[in-house]
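See below for the structure under consideration.
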Amino acid sequence: RGVPASTCTRLDSRSSRHLEQQRHTSHGRCITSQQRPQRRTMSTLAAASNGASPGAGHSVAALKRKKKKGKKRALGAHPVTAAATSKVKRLRSNDSVVEATGELPSPPAKHFSPVRYLEWLIAPLSPREFFDDYWEKKPLVIKRKDKEYYTRGHGVLTVDDIYTILQDNFLKFSVNVDVTQYREQQRYTLNPHEGRASCRLIAEHFRDGCSVRLLNPQSYHEPLWRINSSLQEYFGCMVGSNCYWTPGGTQGFAPHFDDIEAFLLQTEGAKRWRLYDNPAGQSLPTQSSPNFTDADLGDCNLEIVLEPGDLMYMPRGTVHQGVAMEDTHSLHVTVSTYQCNAWGHLLQKAVPAALQIAMEEDEEFRQGLPVDFLSYTGVVNSDAEDERRQQFVSTCKRLFAKLADFAPIDAAADQLGVDFVNKCLPPLLSPKELAQSAHGRPAAGQPHAELTDKSRVKLVRPKIARLAVEGEVVVLYHAAGNSKVPEAEDAQSLEYTMAVAPALEFLLQATDKFVAIEDMPLEEAEDRVMVAKTLYDAGVLMIA
């Protein structure tokens, strides 16, 4: 997958003696399978998740992660920049509504910092205020009284942009575009066919009172791609977007709640929103709801009109419905994140593998169930006062607690990380990152930079790659070649022998500063340069 097998073999055989020594040094964090339990491998986790036994052929070496020094910063704990705090202030806060005053932050179009994009999105709040008071807790509305906030110098999305996207790209109904109506408490999808969504057809349906939903506009509109790509690096998970263009006085969708954290950016017109208590009383659901009717709705806890420049944030599970104001159309973009990114999703990866490992390594998990246990278990016996039943339940609880010791947490995180890297948008690169990597264009007649053992390199972006152990090799998945169109390309990856793992880990930790290739934990200079070159050519590394 990027590195020919012959190359892997050459690296392994040519330096086998030296690399084997490095596996047992402080630099070599690549431990043999005899030294480390099988539970730490990516392939073991995948086998257990699929119901297969992680037996022969899966007992392999794995990476030993070095614990990072210092305390980890909580999500959202990034300090707000001095420039932002000097230009905005919080006027008032009434539950979920915040009004901004003073000078707001400039558009981050020329910045390449994920934190700056988040600060611009939620201004005048700081990230700390947002995560402490609102994230996964309650809705937030920011009234900015700045109609050009999203379009000035950045151009998030306008109706003209929608027509340009439709004109320049082959977008299809039901795949990229939907036209919908909500009337008599029913939502109707009125796509005329599954062919191309032309400007003429969209305009006709809009005149007939249909809302237009454009899915994944970030694939075709650069300003939205810049926002989504930056925010996905900040959150460390998928970020997507849809846009909704609604005729005045109409509603396109039924009341419902979603399974995503939603940021609504009002770019044109105005829409009245009503937010309700969740009918099921469930916070942070893992699945979106069906369409509700008025009879299903609880109390309305917030009613607000969004105007250009305003923002509304809704946690997962917030029931909402919006109606465009009578005298104007409405256009807003919904930026979404944190779908399938809960603790439970991590444990869905880890627990099945932990059970497979426990049954292999701990005899107690292999001991037979008590004789005739069916006579005092099951629904029929759930309320029975039976000493045998109490002992049975107690043993189950004790084994569940014991199971935690076998959980391959890092391998489960790697599975989520690999899935993210495979599906995420390509990274947003600064002019410097472009110029110093294979992504940039060399000057006329000039070749790209040549790497030597003295060259200094680092990752192009901190979260561009993820390393995983698979069988007897390590695979580096990366987003450098990802497409803006969702799932348009196969996963981008490079495969290496296990002996190269310490060198890859060394490079993956080079996120903030350049490191010398000669410092990579590989004995031969030629091997070090070859590994670095494969990553540079793939667009993962940049050179100083």
Margin query: Whether the side chain of E495 engages the backbone of V473 through a donor-acceptor N/O pair (distance < 3.5 Å, no angle test) should be reported.
Written below: no

Check: Parallel, tilted or perpendicular for W120 and Y117, by the 30°/60° rule?
Finding: perpendicular

Margin query: With a 3.5 Å distance limit and no angle check, can you tell me whether S174 reaches the backbone of E194 through a side-chain donor-acceptor pair?
Written below: no

Next item on the list: Check whether any side-chain heavy atom of P114 sits under 4.5 Å from a side-chain heavy atom of F235, and report yes or no.
Entry: no

Next item on the list: Answer yes or no: are there more than 12 heavy-atom neighbours, outside K137 itself, under 6.0 Å from its atom NZ?
Entry: yes

Next item on the list: Would you please name every residue forming a ring pair (Phe, Tyr, Trp, His ring centres under 6.0 Å) with F420, sequence neighbours left out?
Entry: none

Next item on the list: Determine yes or no for a side-chain-to-main-chain donor-acceptor pair under 3.5 angstrom, with S229 supplying the side chain and L428 the backbone.
Entry: yes

Item checked: Pairwise side-chain contact, I122 with Y134, heavy-atom cut-off 4.5 Å (strictly under) -> no

Next item on the list: With side-chain contact (heavy atoms from CB on, under 4.5 Å) as the test, would you mind laying out the steps for K454 and V529 before giving the verdict?
Entry: CA-CA 9 Å; K454 297 295 184 181; V529 172; over 6 Å; no

Next item on the list: Could you walk me through whether T534 and Y496 pass side chain to side chain donor-acceptor pair (under 3.5 Å), step by step?
Entry: CA-CA 10 Å; T534 60; Y496 301 88; 2.6 Å; yes

Margin query: Are more than 12 heavy atoms, taken from residues, nucleotides or ligands other than E518, located less than 6.0 Å from that residue's CD atom?
Written below: yes

Next item on the list: I would like to know whether L399 and T395 meet side-chain contact (heavy atoms from CB on, under 4.5 Å); could you show each step before the answer?
Entry: CA-CA 6 Å; L399 291 177; T395 300; 4.2 Å; yes

Per-pair distances, 0.1 Å, donor-acceptor, side chain in residues 456-465, under 3.5 Å, sequence neighbours excluded:
residue, atom, partner, partner atom, Å
R461, NE, E233, OE1, 3.1
R461, NE, E233, OE2, 3.4
R461, NH1, E433, OE2, 2.8
R461, NH2, F112, O, 3.4
R461, NH2, E233, OE1, 3.4
R461, NH2, E233, OE2, 2.7
K463, NZ, E233, O, 2.7

Next item on the list: Calculate, to the nearest 0.5 Å, the distance between atoms NE2 and OG belonging to H332 and S241 respectively.
Entry: 11.0 Å

Item checked: With R196 via side-chain hydrogen bond (donor to acceptor under 3.5 Å, both in side chains) - residues at least two apart -> none

Notebook entry, point to check: Between Y234 and F131, how do the two ring planes meet: parallel, tilted or perpendicular, split at 30° and 60°?
Noted result: parallel

Margin query: Could you check whether any side-chain heavy atom of L535 comes within less than 4.5 Å of a side-chain heavy atom of L504, counting everything from C-beta outward?
Written below: yes

Next item on the list: For residues V177 and L214, determine if any side-chain heavy atom of one lies less than 4.5 Å from a side-chain heavy atom of the other.
Entry: yes

Notebook entry, point to check: Backbone N or O of K484 within a donor-acceptor pair of the S219 side chain at under 3.5 Å?
Noted result: yes

Check: Out of curiosity, L125 CG to Y313 OH, how far, rounded to the nearest 0.5 Å?
Finding: 12.0 Å

Margin query: Pairing donors with acceptors under 3.5 angstrom, does anything connect the side chains of T164 and D161?
Written below: no

Notebook entry, point to check: Can we say D419 and K423 salt-bridge, meaning some charged N sits less than 4.0 Å from an Asp/Glu carboxylate O?
Noted result: yes

Margin query: Please check this pair: side chain of D178 against backbone of R213, looking for a donor-acceptor N/O pair closer than 3.5 Å.
Written below: no

Notebook entry, point to check: Looking at CD1 of I142 and CG of L264, how far apart are the two atoms once the value is rounded to the nearest 0.5 Å?
Noted result: 12.0 Å

Next item on the list: State, to 0.1 Å, how close S288 and D258 come at their nearest heavy-atom pair, and which atoms those are.
Entry: OG-CA, 3.5 Å

Check: Take atom CD in E363; do more than 12 heavy atoms of anything else shown fall under 6.0 Å from it?
Finding: no

Check: Do any pairs count as a salt bridge (Lys or Arg N to Asp or Glu O under 4.0 Å) and have a residue in residues 533-544, sequence neighbours left out, and if so which ones?
Finding: K533-D537

Margin query: For M238, is there any backbone N or O sitting under 3.5 Å from a side-chain donor or acceptor partner on T337?
Written below: yes

Next item on the list: Might you point out which heavy atoms bring A538 and L494 nearest each other, and give the distance in Å?
Entry: CB-CD1, 4.0 Å

Note to self: Using 0.5 Å steps for rounding, measure from the CG atom of N242 to the CG atom of L215.
What the structure shows: 4.5 Å

Check: Between atom CD1 of I357 and atom CG of D405, what is the distance when rounded to the nearest 0.5 Å?
Finding: 11.5 Å

Next item on the list: Sequence neighbours left out, what passes salt bridge (Lys or Arg N to Asp or Glu O under 4.0 Å) with D362? Give chain and number order.
Entry: K402

Check: Which heavy atom of Q232 sits nearest a heavy atom of L425, and at what distance?
Finding: NE2-O, 2.8 Å

Margin query: Run D259 and T286 through side-chain contact (heavy atoms from CB on, under 4.5 Å) and show every step you take.
Written below: CA-CA 5 Å; D259 60 345; T286 57; 5.9 Å; no

Notebook entry, point to check: Which atoms form the tightest heavy-atom contact between P408 and A354, and what is the distance?
Noted result: CD-N, 3.9 Å

Next item on the list: Might you work through the side-chain contact (heavy atoms from CB on, under 4.5 Å) test for T151 and V156, ending with a clear yes or no?
Entry: CA-CA 6 Å; T151 56; V156 171; 5.7 Å; no

Notebook entry, point to check: Are P127 and E119 close enough that some pair of their side-chain heavy atoms sits under 4.5 Å apart?
Noted result: yes

Next item on the list: For the residue pair W135 and F263, categorise the inter-ring angle as parallel (less than 30°), tilted (30 to 60°) or perpendicular (more than 60°).
Entry: parallel

Check: Does the R466 side chain pair with the main chain of Y477, one donor and one acceptor, at a distance under 3.5 Å?
Finding: no

Check: How far does CD of E523 sit from CZ of R528, to the nearest 0.5 angstrom?
Finding: 7.5 Å

Margin query: So Y220 and L171, do their side chains get closer than 4.5 Å, heavy atoms only?
Written below: yes

Checklist line | Residues, nucleotides or ligands: over 12 heavy atoms within 6.0 Å of D168 CG | finding: yes

Item checked: R316 side chain vs E136 backbone, donor-acceptor pair below 3.5 Å -> no

Notebook entry, point to check: Between N228 and G240, which heavy-atom pair has the shortest distance, and what is it?
Noted result: ND2-C, 3.4 Å

Notebook entry, point to check: Are I227 and Q218 close enough that some pair of their side-chain heavy atoms sits under 4.5 Å apart?
Noted result: no

Checklist line | Nearest heavy atoms of L347 and P352, plus distance in Å | finding: O-CD, 3.9 Å

Note to self: So does I543 get a backbone contact from the side chain of Q436, meaning a donor-acceptor N/O pair under 3.5 Å?
What the structure shows: yes

Check: Who pairs with Y163 by ring pair (Phe, Tyr, Trp, His ring centres under 6.0 Å), at least two apart in sequence or on another chain?
Finding: W245

Notebook entry, point to check: Looking at side-chain heavy atoms only, is the closest gap between M498 and V469 below 4.5 Å?
Noted result: yes

